Amino acid sequence: MMTKQGIKIIILFILVTIVSYIGWHMYEGLQAHKQYYNENIYDYIPAQACEVFHINRKYSLHDLSVYDSVPFHLVKIIDNQLHLPVIITKNSDNKHLLLMRTGREQAENIFQYIQQNIALHYPPRIKKYKDAEIEIYSLRNDEFLTCTFYKGLFFMSYNYKLVIDAIDTKPTTSFFLQTDNMQKVNDMLRKAPLSIFIKLEENKLALEYRKLNDIIMMDGYILDKQNTDSMKIEKALTMYLSTIPDSICIESYRVYPKNNLMAVKIILNKIY
């Protein structure tokens with residue numbers, strides 16, 4: 001028969017175990033909360049991106065859909081858990097990646113929503129990569145949706161490799177590394193409801209995106225202050241414009257000097 005002292009020891013052990021378990025989860029929550037505020041989301045934009053869409057206002061999501069429907073569809077998956085700003089990158093293979101800040105509970109809600117409303121009805125495949133657990137959901141038409149919550153950030157793409165590239169990205173290898181006129185970039189990131197950053201050969205182009213009905217107006221600058229060769233810039237810009245979606249036609253574009261930089265103005269129109 002167990003003594004009173006033995007019962008007390010067992011009860012004490014159970015209490016210590018419960019307190020330790022609660023403490024560990026509180027610690028994990030505090031660490032996730034700290035990462036939520038400390039991690040710089042822009043450090044995780046892969047250098048392989050050729051276009052970066054930066055969304056500061058929720059109403060701009062519909063404006064973006066006129067230009068490219070894929071980012072819009074990605075964002076709609078997390079519409080009820082959206083935390084601005086939202087970043088969507090596009091690589092040279094026309095594959096997209098979504099990044100945003102999120103808390104652990106918010107990320108879990110997204111995973112649950114995808115499982116219940118987007119994916120086919122069986123559990124996701126889980127892959128471990130570095131400190132991340134990557135969830136891969138099977139969709140119709142033999143497609144897959146890849147998501148992960150990592151260091152207070154949420155990553156999502158229809159392409160597994162893009163999520164891996166983002167996890168591997170560091171401040172020393174990110175999209176904006178060695179970009180001239182970062183003040184222009186920071187101003188646009190902070191103030192513009194919707195902006196697009198585009199690689200033009202060795203340069204980058206920063207554009208504020210505005211939509212009026214089906215007309216898209218994009219105004220901005222070539223970020224390389226050393227390059228004032230308008231012919232060379234216009235040639236690179238023409239190559240970029242040849243890659244825009246087939247549903248869009250080019251009304252006009254212009255390259256001209258402004259404020260000691262080369263400015264760009266592009267007007268596009270939607271084709272029905």
Side-chain angles (χ1 to χ4, degrees), residues 41-42 45-57 59-72 75 84-92 94 96-99 174-245 247-270:
I41 192 171
Y42 305 105
I45 301 176
Q48 299 93 322
C50 61
E51 281 185 349
V52 175
F53 307 93
H54 187 266
I55 304 158
N56 264 334
R57 303 287 184 273
Y59 64 78
S60 298
L61 299 174
H62 294 278
D63 292 349
L64 178 59
S65 68
V66 176
Y67 177 81
D68 192 341
S69 62
V70 177
F72 179 70
V75 173
L84 299 170
V86 171
I87 296 169
I88 302 174
T89 73
K90 185 174 82 171
N91 68 6
S92 58
N94 204 32
H96 296 77
L97 168 76
L98 181 146
L99 303 85
S174 63
F175 178 84
F176 286 118
L177 180 69
Q178 297 178 343
T179 297
D180 287 330
N181 290 294
M182 276 303 296
Q183 184 60 50
K184 289 286 183 189
V185 172
N186 291 329
D187 285 347
M188 197 167 287
L189 291 174
R190 188 173 65 255
K191 298 175 182 178
L194 175 57
S195 49
I196 302 180
F197 302 89
I198 301 161
K199 277 185 183 174
L200 286 181
E201 296 183 346
E202 69 269 25
N203 297 322
K204 289 190 182 75
L205 179 60
L207 298 170
E208 182 175 355
Y209 176 112
R210 299 187 305 278
K211 185 184 81 71
L212 179 62
N213 298 322
D214 288 335
I215 295 175
I216 299 168
M217 294 168 286
M218 297 193 286
D219 293 279
Y221 293 92
I222 298 290
L223 295 175
D224 185 354
K225 59 189 175 184
Q226 305 300 323
N227 193 343
T228 56
D229 186 346
S230 60
M231 293 293 290
K232 186 175 181 180
I233 292 170
E234 192 163 341
K235 181 181 176 182
L237 180 61
T238 302
M239 290 180 64
Y240 157 69
L241 291 173
S242 69
T243 68
I244 65 171
S247 60
I248 301 293
C249 71
I250 303 163
E251 291 284 335
S252 64
Y253 64 92
R254 181 183 171 209
V255 179
Y256 58 100
K258 180 181 177 182
N259 299 331
N260 298 318
L261 291 170
M262 295 305 294
V264 174
K265 184 179 182 69
I266 303 169
I267 299 178
L268 306 173
N269 206 340
K270 184 176 175 63

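We count residues from 1, following the sequence as given. Keep in mind the model is a prediction, meaning the values are calculated, not measured.
Separation of atoms CE (M217) and OG (S252) is listed at 10.5 Å; rounding is to 0.5 Å. Between the CG atom of L194 and the NE2 atom of H62 there is a distance of 12.5 Å, given to the nearest 0.5 Å. E234 contributes atom CD, which lies 9.0 Å from atom CE of M262 (distance to the nearest 0.5 angstrom). In this structure, the separation between OH on Y256 and CG on L261 is 11.0 Å, given to the nearest 0.5 Å. From L64, atom CG reaches atom CD1 of I88 across 6.0 Å, with rounding to the nearest 0.5 Å.
Every residue was checked against the ring pair (Phe, Tyr, Trp, His ring centres under 6.0 Å) condition with Y221, not counting sequence neighbours, and none meets it. Residues passing the side chain to side chain contact (heavy atoms under 4.5 Å, CB included) test with N269, sequence neighbours excluded: D214, I215, C249, E251. Qualifying ring pair (Phe, Tyr, Trp, His ring centres under 6.0 Å) partners for F197, counting only residues two or more places apart in sequence or in other chains: F176. For I250, the side chain to side chain contact (heavy atoms under 4.5 Å, CB included) criterion is met by L241, I244, Y253, L268, not counting sequence neighbours.
Within the 4.5 Å cutoff, the side chain of I196 has heavy atoms near those of the M218 side chain. Two residues are said to be in side-chain contact when any heavy atoms from C-beta on lie closer than 4.5 Å; L223 and N203 fail this criterion. The shortest distance between side-chain heavy atoms of I216 and V66 falls below 4.5 Å. Contact annotation: the side chain of K90 approaches that of D68 to within less than 4.5 Å [non-hydrogen atoms, C-beta and beyond]. At least one side-chain heavy atom of I87 sits under 4.5 Å from a side-chain heavy atom of V52.
Among N56, L99, I55, the one residue that satisfies the side-chain contact (heavy atoms from CB on, under 4.5 Å) test with P85 is N56.
Between the K204 side chain and the F175 main chain, a donor and an acceptor come within less than 3.5 Å of each other.
Pairs of residues two or more places apart, or lying in two chains, that qualify as salt bridge (Lys or Arg N to Asp or Glu O under 4.0 Å) and include a residue from residues 254-267 are D219-K265. Contacts classified as salt bridge (Lys or Arg N to Asp or Glu O under 4.0 Å) and involving residues 189-200 (residues at least two apart or in different chains) are given here: D187-R190.
Taking the centre and axis of the six-membered ring of Y67, the NZ or CZ atom of K211 falls outside the cone set by 45° and 6.0 Å.
Within a 6.0 Å radius of CE in M239, other residues, nucleotides and ligands contribute 12 heavy atoms or fewer.
Of the N and O atoms on the side chains of Y209 and H54, not one donor lies less than 3.5 Å from an acceptor on the other residue. If you check the side chains of N91 and H96, you find no donor sitting under 3.5 Å from an acceptor.
The minimum heavy-atom distance linking S92 with C50 is given by the pair N-SG, 3.8 Å. The shortest heavy-atom contact between L207 and G220 is CD2-N, 3.5 Å.
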